[in-house]
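What follows is a set of notes on a single structure, which appears directly below.
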Amino acid sequence: MGNVPSAVKHCLSYQQLLREHLWIGDSVAGAFEPAQESSQPSGLPEYVKIVEVGPRDGLQNEKIIVPTDIKIEFINQLSQTGLPVIEVTSFVSSRWIPQVAAGATEISVFGAASEPFSKKNINCAIEESMEKFEEVVKSARHMNIPTRGYVSCALGCPYEGNITPQKVTEVSKRLYGMGCYEISLGDTIGVGTPGSMKRMLESVMKEIPPRALAVHCHDTYGQALANILTALQMGINVVDSAVSGLGGCPYAKGASGNVATEDLIYMLNGLGVKTGVNLYKVMEAGDFICKAVNKTTNSKVAQASFNA
Amino acid sequence: MATVKKALLWRLVGSASLRAVSTSSVGTFPKQVKIVEVGPRDGLQNEKNIIPTPMKIKLIDMLSEAGLPVIEATSFVSPKWVPQMADHAEVMKGIQKFPGISYPVLTPNFKGFQAAVAKKMYSVGCYEISLGDTIGVGTPGTMKDMLSAVMHEVPVAALAVHCHDTYGQALANTLMALQMGVSVVDSSVAGLGGCPYAHGASGNLATEDLVYMLAGLGVHTGVNLQKLLEAGAFICQALNRRTSSKVAQATCKL
């Protein structure tokens, strides 16, 4: 727009803007209220549980190997933010006992809605993987360890292309039926758009209650927040994200990966949806880990704020 | 100048104040969305490097070939304030004017923007009011609230949204606007144009990412994404900068 110099002179100071729009002034974890009064838009959940996957999904897709003490410091910082769930490394192999012996109190199993992806990613066909997971989940339940199920390629596959909502439903139902407490539906290569998200969820929600579902959207094509908004409008209230949008996409060189937790929180705060998370502290954790892995943040909120 | 004036379409762009008010539920999507490409104006004017006139003309021609129905070509403002737009007359003269494509020219808006002002602008003859989230602070709830207020005064068919991606909210905000019936969206190829208010922050919504979403939704835009990507690659090279479009980043082989 024209007249930029005088517009800049007369605008609010940027620090004031940060306070108003990022609610940085009220930086107490769990007691975070938006500065402006807003009533809850209808059709959206009152509370969204954010599952922070940065330390696991994020770091595993970063080139630089992060030393253990830095990982620990990173996770400790995230623990101060109010994030209710922080995913640390958790793989299931046929030798899953070491994870439990190492102190894991929750585990995850990774299925896929695509045969070629399942074979390439975990070295076995979908049916075979489900049989293996059944054993694991059963044993975990005996030890009172909850299991989260993941379904990769929920909106598309790098090898197969289009994935039907029916296939996603079939795999999700299997995982839920064997005892997974929550199924995270992953748009692994970020190709989904609000329409395909809606169709997939409509199908899955016929078999699994929305409270047992989560969405894990990748931002490879910039669609993540729009897809998450669609999921929220449909009643989903658990969302996976990664601080700073850590983790690129192993299928598209140079492309982005996870949706940034900061940007997700910004949207949820603006919508009046409670998260219990302190955005400013998440930004600090993001700043810390980006310096550690020597990369610039993928979070737009962080980019807008740290350079002010 | 007289022939140039005939080709002008007056379009006023302002910033809406986004205040939260309670809302009602969402509807379906429009079958067709008109994309207003603001890269050559809003985008370039917020880029540091000055682009030579022939390159601006080439960019606009490439965008025309991509099928964008409206391309905001330049801005008739004082070169003292906006040096990037100093060559506005030569640009208008040099571009190929494809039939069926409009090439509006920006006239700066000096006022803040509320529903009452939108009503006034509409009543004095503006064919379209573009509601701009100038600093990108909006979220889908505030977008819905603002549109509800404006739509009491101006028919939705005369409204456009111009979302900035400074906080990563642009596409989600645009989606909300579409759900409310807006069918004209401003965007900028490669997400050109940073934010003059937050150093290092991004600015416009990238046209490629918008087209990707609309194509996935089955909404007709008439835009050829491949050609759009080429135009984006061209201008980023000229500006010596990386694209801000995620779709471009995902499809680029580099």
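Labels below follow one simple rule: chain letters A, B, ... track the order of the sequence lines, proteins then strands, and each chain is numbered from 1. What you see below is based on every heavy atom in this structure, not just the backbone, and it leaves out hydrogens, waters and symmetry mates.
- One finds the CD atom of A:Gln303 at 8.0 Å from the OG atom of B:Ser244 (value rounded to the nearest 0.5 Å).
- Within 6.0 Å of CG on B:Asn49 lie more than 12 heavy atoms contributed by other residues, nucleotides or ligands.
- Interface residue A:Val191: backbone and side-chain heavy atoms are both found under 4.5 Å from chain B.
- In this structure, B:Leu175 CG and A:Thr193 OG1 are separated by 10.0 Å, a value rounded to the nearest 0.5 Å.
- Around the CD atom of B:Gln32, the shell of radius 6.0 Å holds more than 12 heavy atoms that belong to other residues, nucleotides or ligands.
- Closest of all the heavy-atom pairs between B:Met213 and A:Pro194 is CG-CD, 3.7 Å.
- Open room surrounds NZ on A:Lys198; 12 or fewer heavy atoms of other groups in view lie less than 6.0 Å from it.
- Going from atom NZ of B:Lys246 over to atom CG of A:Asn298 covers 5.5 Å, rounded to the nearest 0.5 Å.
- A:Leu229 touches chain B through its side chain: at least one heavy atom from C-beta onward sits under 4.5 Å away, while N, CA, C and O do not.
- Using a distance-only test at 3.5 Å, with no hydrogens or angles considered, no donor-acceptor pair links the side chain of A:Tyr221 to the main chain of B:Ala248.
- Going from atom OG1 of B:Thr139 over to atom CG of A:Asp263 covers 12.5 Å, rounded to the nearest 0.5 Å.
- For B:Asp165, the parts lying under 4.5 angstrom from a heavy atom of chain A are both the backbone and the side chain.
- Taking each heavy atom of A:Arg199 and B:Gly216 in turn, the nearest pair found is NH2-O, 4.4 Å.
- Interatomic distance, CE of B:Met176 versus OG1 of A:Thr230, reported as 9.0 Å (0.5 Å rounding).
- Rounded to the nearest 0.5 angstrom, A:Leu271 CG and B:Gln169 CD are separated by 8.0 Å.
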